[in-house]
Amino acid sequence: MPTITAITPTSGPTTGGTSVTIAGTGFTGPLTVRFGSTATTFTIDSAIQITAVAPAGSAGPVQVTVSDSSGTSNGATYTYLAVPTLNSIAPGQGPAGTSVTLTGSGLTGATAVTFGSTPATSFTVDSDTQVTAVAPAGTGIVAVTVTAPGGTSNGISFIYVVVPTITAIVPASGPTSGGNSVTISGTGFTGPLTVRFGSTATTFTIDSSTQITAIAPAHAAGDVQVTVTGSGGTSNGLTYTYA
């Protein structure tokens, strides 16, 4: 009668398809290999080794057995791992570098977190129900997934928002009475924006995603920082001088 001494690996996804090496003795003659009550395909490598393909199964442990005409072997435990699922992401939007908390189930042993097709900058498995990940560079709306030994989860949406940047302002000075037109060059000039000279918000026109035309407000003589604020945050500042 066959005997089993070890199986490798001892776990796999519920979808099946994992190649499992069964070590033991008496692997000769017509045999049947079962995972629980389910017979599966296999190859007899030698009298002491079988390579079997795990069939699909429900999450949890089953006994792997080998049977021949003389009887059935002892069982070795093989555990079906549930495919991870994601229920929520917080926050659901932000720029690259945002730390997000993913909640769901089956997250233990996660091997990858992906934002669209891009791996997370880093991630930490906090528990079976939570993973913390850092969003990599990206644009638009992407599906975030977690891959664990049980497979790859459903996707949950993350929206990239852009932090504006300013590269130049022309002219870089003007009268304290304000009213002059200032061209602001940069990137990320999309969506609702606020343009400030110092702490004072002003009127402006978005010419394109790389240019804004703003009206300098009145201000006391001296230097102020011109900034643009969008949904992703506030840009760097460039100096504008009131003369």
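The shortest heavy-atom contact between A52 and V33 is CB-CG1, 4.1 Å. Between G150 and V83, the shortest heavy-atom contact is O-CG2, 3.3 Å. The two atoms that bring P149 and A110 nearest to each other are CD-N, 4.5 Å, heavy atoms only. Closest approach of G26 and D68 over heavy atoms only: O-OD2, 4.2 Å. Closest non-hydrogen pair, A120 versus P136, comes out as CA-CD, 4.0 Å. Minimum interatomic distance between P164 and G188 (heavy atoms only, all atoms of both residues): CG-O, 3.8 Å.
A donor-acceptor pair is defined here as one N or O able to donate and one able to accept, closer than 3.5 Å; no such pair exists between the side chain of T43 and the backbone of D45. Side-chain atoms of T124 never come within 3.5 Å of backbone atoms of D126 as a donor-acceptor pair (strictly under, hydrogens ignored). Remark: side-chain polar atoms of T40 are paired, donor with acceptor, to backbone N or O of V53 under 3.5 angstrom. One N or O on the side chain of S153 and one on the backbone of V146 form a donor-acceptor pair closer than 3.5 Å. A donor-acceptor pair under 3.5 Å is formed between the side chain of S208 and the backbone N or O of Q211. Within the 3.5 Å criterion, the main-chain N or O of L86 finds a donor-acceptor partner in the side chain of N154. In this structure, the side chain of T5 engages the main chain of A23 through a donor-acceptor pair within 3.5 Å. Side chain of T203 to backbone of I215: no donor-acceptor contact under 3.5 angstrom is found.
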With a 3.5 Å cut-off and sequence neighbours excluded, list the donor-acceptor pairs that the side chains of residues 166-183 form with protein atoms.
unit_1	atom_1	unit_2	atom_2	d
T167	OG1	S185	O	3.2
N180	OD1	Y240	OH	3.4
N180	ND2	Y240	OH	2.8

Donor-acceptor pairs are to be reported for all side-chain atoms of residues 100-108 against protein atoms at under 3.5 Å, with residues two or more places apart or in another chain.
unit_1	atom_1	unit_2	atom_2	d
T103	OG1	S88	OG	2.3
S105	OG	T85	OG1	2.7
T108	OG1	D128	OD1	2.8

message = I'd like to know whether F158 forms a side chain to side chain contact (heavy atoms under 4.5 Å, CB included) with T98, so could you lay out the CA-CA distance, the side-chain angles of the two residues, the decisive distance to 0.1 Å, and finally the verdict.
response = CA-CA 11 Å; F158 179 80; T98 299; 4.3 Å; yes
ask   = Stepwise, does the side chain to side chain contact (heavy atoms under 4.5 Å, CB included) test hold for R34 with V64?
value = CA-CA 6 Å; R34 290 185 173 87; V64 177; over 6 Å; no
Derivation of the side chain to side chain contact (heavy atoms under 4.5 Å, CB included) call for T14 and L81 = CA-CA 6 Å; T14 55; L81 303 172; 6.0 Å; no
Verdict with reasoning, T51 to V20, per side chain to side chain contact (heavy atoms under 4.5 Å, CB included) = CA-CA 6 Å; T51 301; V20 178; over 6 Å; no
query = Hey, mind stepping through S73 and T3 against side-chain hydrogen bond (donor to acceptor under 3.5 Å, both in side chains) and telling me if it holds?
reply = CA-CA 5 Å; S73 71; T3 62; over 6 Å; no
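With 3.5 Å as the limit, one finds a donor-acceptor pair spanning the side chains of T229 and T234. Inspection of the T147 and T152 side chains reveals an N or O donor paired with an N or O acceptor under 3.5 Å.
Annotation: the span from D223 atom CG to T241 atom OG1 amounts to 3.5 Å, rounded to 0.5 Å. One finds the CD1 atom of I48 at 14.0 Å from the CD1 atom of I4 (value rounded to the nearest 0.5 Å). Note that CD of Q63 is 12.5 Å distant from OG1 of T72, once rounded to the nearest 0.5 Å.
By the criterion of side-chain heavy atoms lying less than 4.5 angstrom apart, applied directly or through intervening Ile, Leu, Val, Met, Phe, Trp or Tyr residues, V131 is grouped together with V142 in one hydrophobic cluster. One hydrophobic cluster, built from ILVMFWY side chains closer than 4.5 Å, holds both L238 and F189.
In this structure the side chain of T77 never reaches within 4.5 angstrom of the side chain of T10, judged on heavy atoms. Residues T132 and S99 form a side-chain contact, since some pair of their non-hydrogen atoms from C-beta on lies under 4.5 Å apart. Side-chain contact between Q49 and I22: absent, with no pair of heavy atoms (C-beta onward) separated by less than 4.5 Å. With contacts defined as side-chain heavy-atom distances shorter than 4.5 Å, the pair S19/P9 does not qualify.
Other residues, nucleotides and ligands contribute over 12 non-hydrogen atoms within 6.0 Å of the CG atom of L193.
Within the structure, every pair that satisfies the ring pair (Phe, Tyr, Trp, His ring centres under 6.0 Å) test and touches residues 31-78, not counting sequence neighbours, is listed here: F35-Y78, Y78-Y80.
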